[in-house]
S.K.: 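Encoded as structure tokens, here's the structure I'll be asking about.
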Number of protein chains: 2
Amino acid sequence: MNDLKSKSTIYDVAKLAGFSPATVSLALGGSPKIKESTKEKIRDAAGKLKYQPNFLARGLVKQETKTICLIIPDNLNPVFAEITQGVEHFAYGRGYSIILCITNEDAQREKFYLEIMRNNRADGLLVFPTFFQVVQEEALKLKASGIPFVIVGRRIEGMDSDYVAIDLESGGYKAADFLIKLGHKKIGIIYGVANPDLGKSRLEGFKRAFLENGIHFRTDFVKGCGYRIHDGYKVAKELLSDKDRPTALFAINDLLAIGALKAVRELGLKVPADISIVGFDDIEFASYSDPPLTTVSLKEKEMGKAAVEMLIDRIENTSAGGRHGAILIEPELIVRDSCAKII
Amino acid sequence: MNDLKSKSTIYDVAKLAGFSPATVSLALGGSPKIKESTKEKIRDAAGKLKYQPNFLARGLVKQETKTICLIIPDNLNPVFAEITQGVEHFAYGRGYSIILCITNEDAQREKFYLEIMRNNRADGLLVFPTFFQVVQEEALKLKASGIPFVIVGRRIEGMDSDYVAIDLESGGYKAADFLIKLGHKKIGIIYGVANPDLGKSRLEGFKRAFLENGIHFRTDFVKGCGYRIHDGYKVAKELLSDKDRPTALFAINDLLAIGALKAVRELGLKVPADISIVGFDDIEFASYSDPPLTTVSLKEKEMGKAAVEMLIDRIENTSAGGRHGAILIEPELIVRDSCAKII
DNA sequence: CTGATTGTTTATATCGTTTTGACAAAGCCT
DNA sequence: AGGCTTTGTCAAAACGATATAAACAATCAG
């Protein structure tokens, strides 16, 4: 009866309802110029044919896709998984879909995504940068093309654009200050350095706390590695198996800290009695590890929401020239049970 | 000099290079009919204008988007986060982008996404179903519209479509059989039941093991809840604070198991000496918990890859009528340190 | 010098919408 | 009745690419 064999177009609906395509478009769009009775007939026909307006055709004429592109380094890290979840959620709330690009911490891929997304596939971009230089370069092209974008998560020094970020330097400072106040002087740092841009701010804040407290900062206690649990495990073992070992560890993210926790257990040491540990990010697991982890909250949810709102406002208020939007969120130290006073 | 003020079209490139738009299209497409020297000029012009072909216009005429839509329940659960990561990775490898839809375990939203995605936004769909009935209904419309889709992760009884799934029943059986062989008879089950379709297969497999071993299955030890860590924590406390308490716990996913681990610790009991725990999914954290968790591996990576390949093959071999593709992966019991023999 | 052949380029139709301005029909007012 | 709104519908022109068939030039054979 109905030709359900293939996609139906506005012409099919028009023919079935006995009106022109223009009328169908108006009617389904809810225009007040169309008589209620014909709207009814058209809705009926559209229903029968299970009509869905072609996204591409509509996008082409309306010059919008109701889509935003989210670029992140890694969806396995709960931090980004949560950002993704939040972004999707709030975008959905405002009628946008999201297209997800995972760079896998590869500069080529980050560049590729930023490049290709100038092709009208999305109305705007949310970028969690990995390689600052790549992002900075591509951002210029995006600006030239007039595509709105918001930098999320990190502030790129000397770059003039919208951003929603966390004050990572301050977070590093808080972590170090906390440990120092507990009496720790020998603090090992598990430092993800696959990419030099990333841990830098946290480390700088960390150093500042040492400086302000008049304590010597031992660079031999800083050990670089990747960003996954296993890396933290490995590096913690190295740091702790030395006879002159640290009394506390600061991991640049919670995954590394969780790896470190396991390393400490395996070495027969106790957290926090023997070794104090501070993480960074406050992922959900941080409060379920044994012991629950003292860490610095990244407030991903807040960040995701703010970024989406900022981007969509930019997209929809085409007027919005003027200054760029800037939100710098202050991280918070979450004290749990993984640190102890030194005696 | 260059008008970098806004997006440039194929017409701009044509004018700058001194050829027609048709020639530009052919040239950039690498057609052998175009002289090398003019290709050169056209590439130059395109480069100067930073030209990117309009995705919407191209999609409209080519009837393809090189995009696939992935629908999952929840990106905070590492299982889905990993699926997402894998899908994105392999899709990228074959030149596809992914648009991510998170239903948040809401039937309305699942329906909405399945509905809207018939609008030519994507060339195909990957669906990790939450509400089987919703999916089954919408699948009919998708089929009618001729849009390829693959059901991922779970097999829907009596539904004729492509799928890549795990044999969850068998997984449940393996978990139970393992505990029974260790001598456990009183096994508490932490059962996520926000949606009745989800844990069912695992539970059935579990029951079968009891039946085959001739042990009475105590339904009062089955406790429903949500799917997050916190739920596992709460339910485990309930189950264990009774005087007639189980000697082992089976959690329907690893998040719940990790919550249970914390509950056991807080009750002053030891895993596995006092209580054995088996999880399900084998998320990365399962091997970093204390103690490392015995669990059933879901092989998400394998699953994600197989699903993408199957879908893209469907999309590209338009011919591929015939029978549907079906892959049922056998889950594997991963034995770590969270279970002990009963004495 | 004509006609066929080959090699390049271009005009034109198309994809499926939305959006104007035009137009016919109907209603109201002198 | 004739003019003037008002109301409801539609024809036609975008949007920016690709694909096809036709046009044009240059080369070659007879």
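Labels below follow one simple rule: chain letters A, B, ... track the order of the sequence lines, proteins then strands, and each chain is numbered from 1. The basis for the numbers below is simple: all heavy atoms, side chains too, and nothing from hydrogens, waters or symmetry mates. Everything quoted here is computed from the prediction, not taken from an experiment.
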S.K.: Within a reach of under 6.0 Å around NZ of A:Lys305, are more than 12 heavy atoms found that belong to other residues, nucleotides or ligands?
M.R.: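 Open: at most 12 neighbouring heavy atoms sit under 6.0 Å from NZ of A:Lys305.
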S.K.: It should be established whether B:Gln63 places a side-chain nitrogen or oxygen under 4.0 Å from OP1 or OP2 of nucleotide C:dG16.
M.R.: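 Yes.
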S.K.: Under the criterion side-chain hydrogen bond (donor to acceptor under 3.5 Å, both in side chains), I'd like the reasoning laid out for A:Arg121 against B:Ser97: C-alpha separation, chi angles, the key distance, then a yes or no.
M.R.: CA-CA 10 Å; A:Arg121 182 190 289 253; B:Ser97 308; 3.1 Å; yes
S.K.: Would you kindly give the CG-to-C1' distance between A:Leu56 and C:dG16, to the nearest whole Å?
M.R.: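 So the CG-C1' distance, A:Leu56 to C:dG16, works out to 9 Å.
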S.K.: Is the side chain of A:Gln85 donor-acceptor paired with the backbone N or O of B:Asn75 at a distance under 3.5 Å, no angle test?
M.R.: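 Yes, A:Gln85 side chain to B:Asn75 backbone: donor-acceptor pair under 3.5 Å.
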S.K.: Would you kindly give the CD1-to-C1' distance between B:Ile10 and C:dT10, to the nearest whole Å?
M.R.: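 In whole Å, C:dT10 C1' lies 13 Å from B:Ile10 CD1.
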S.K.: From the set C:dA11, C:dT18, C:dT9, return the single nucleotide nearest to any side-chain atom of B:Lys35.
M.R.: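 Between C:dA11, C:dT18, C:dT9, the one nearest the side chain of B:Lys35 would be C:dT9.
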S.K.: Taking DNA chain D as the partner, which of residues 24-32 of chain B come within under 4.0 angstrom of it by heavy atom?
M.R.: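 Nucleic-acid contacts, sorted: B:Ser25.
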S.K.: So what does A:Tyr11 hit on the nucleic acid, given a heavy-atom distance under 4.0 Å: a base, only sugar-phosphate, or nothing?
M.R.: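 Base contact.
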S.K.: Answer with base, sugar-phosphate or nothing: what part of the nucleic acid does A:Phe19 contact at a heavy-atom distance below 4.0 Å?
M.R.: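 The residue A:Phe19 makes sugar-phosphate contact but no base contact.
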S.K.: For B:Ile34 and C:dT8, give me the distance from atom CD1 to atom P, rounded to whole Å.
M.R.: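 It is 9 Å, rounded to the nearest whole Å.
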S.K.: Does atom NZ of B:Lys15 have more than 12 heavy-atom neighbours, drawn from other residues, nucleotides or ligands, at distances under 6.0 Å?
M.R.: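 Atom NZ in B:Lys15 is not packed in, count stays at 12 or less.
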S.K.: Hey, could you give me the CD1/CG distance between A:Ile151 and A:Leu125, rounded to the nearest 0.5 Å?
M.R.: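 Between atom CD1 of A:Ile151 and atom CG of A:Leu125 there are 9.0 Å.
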S.K.: Would you mind reading off the distance between B:Glu36 atom CD and C:dT9 atom C1', rounded to a whole angstrom?
M.R.: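 My rounded result for the distance is 16 Å.
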S.K.: Under 3.5 Å, is there a donor-acceptor pair between the B:Asn104 and B:Asp74 side chains?
M.R.: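 Absent: no donor and acceptor within the cut-off.
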S.K.: OP1 or OP2 of C:dT10 versus the side-chain N and O atoms of B:Thr23: is any pair under 4.0 Å?
M.R.: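 So the side-chain polar atoms of B:Thr23 do come within 4.0 Å of the phosphate oxygens OP1 or OP2 of C:dT10, strictly under.
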S.K.: Give the rounded distance in Å between these two atoms: NZ of A:Lys7 and P of C:dC15.
M.R.: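 One finds 14 Å between P of C:dC15 and NZ of A:Lys7, rounded.
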S.K.: Relative to the 5' end of DNA chain D, which residue comes earlier, B:Val61 or A:Val61, by the nucleotide with the nearest heavy atom?
M.R.: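 Closer to the 5' end of DNA chain D: A:Val61.
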S.K.: Does anyone know the first and last nucleotide of DNA chain D in reach of chain A, 5' to 3', at under 4.0 angstrom to a heavy atom?
M.R.: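 Nucleotide range in contact with chain A: D:dG8 to D:dG16.
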S.K.: Roughly, in whole Å, what's the span from CD in A:Gln52 to P in C:dG16?
M.R.: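 Going from A:Gln52 (CD) to C:dG16 (P), I get 15 Å.
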S.K.: Using every non-hydrogen atom in the two residues, find where A:Ala27 and A:Ile42 come nearest and quote the distance to one decimal.
M.R.: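 It is CB-CD1, 3.6 Å.
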S.K.: Please report, to 0.1 Å, the donor-acceptor pairs under 3.5 Å made by any side chain of residues 52-59 of chain B, with sequence neighbours excluded.
M.R.:
from, atom 1, to, atom 2, distance (Å)
B:Gln52, NE2, A:Glu115, O, 3.4
B:Asn54, OD1, B:Leu56, N, 2.7
B:Asn54, OD1, B:Ala57, N, 3.0

S.K.: Measure up the A:Tyr113 and B:Tyr92 rings against each other and bin them: parallel (under 30°), tilted (30 to 60°), perpendicular (over 60°).
M.R.: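 Answer is tilted, since the angle falls between 30° and 60°.
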S.K.: For A:Lys33 and C:dC23, give me the distance from atom NZ to atom P, rounded to whole Å.
M.R.: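 To the nearest whole Å, that distance equals 15 Å.
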S.K.: Once you round it to whole Å, what is the distance between C1' of C:dG16 and CG of A:Asn54?
M.R.: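 Atom-to-atom, A:Asn54 to C:dG16, this comes out as 5 Å.
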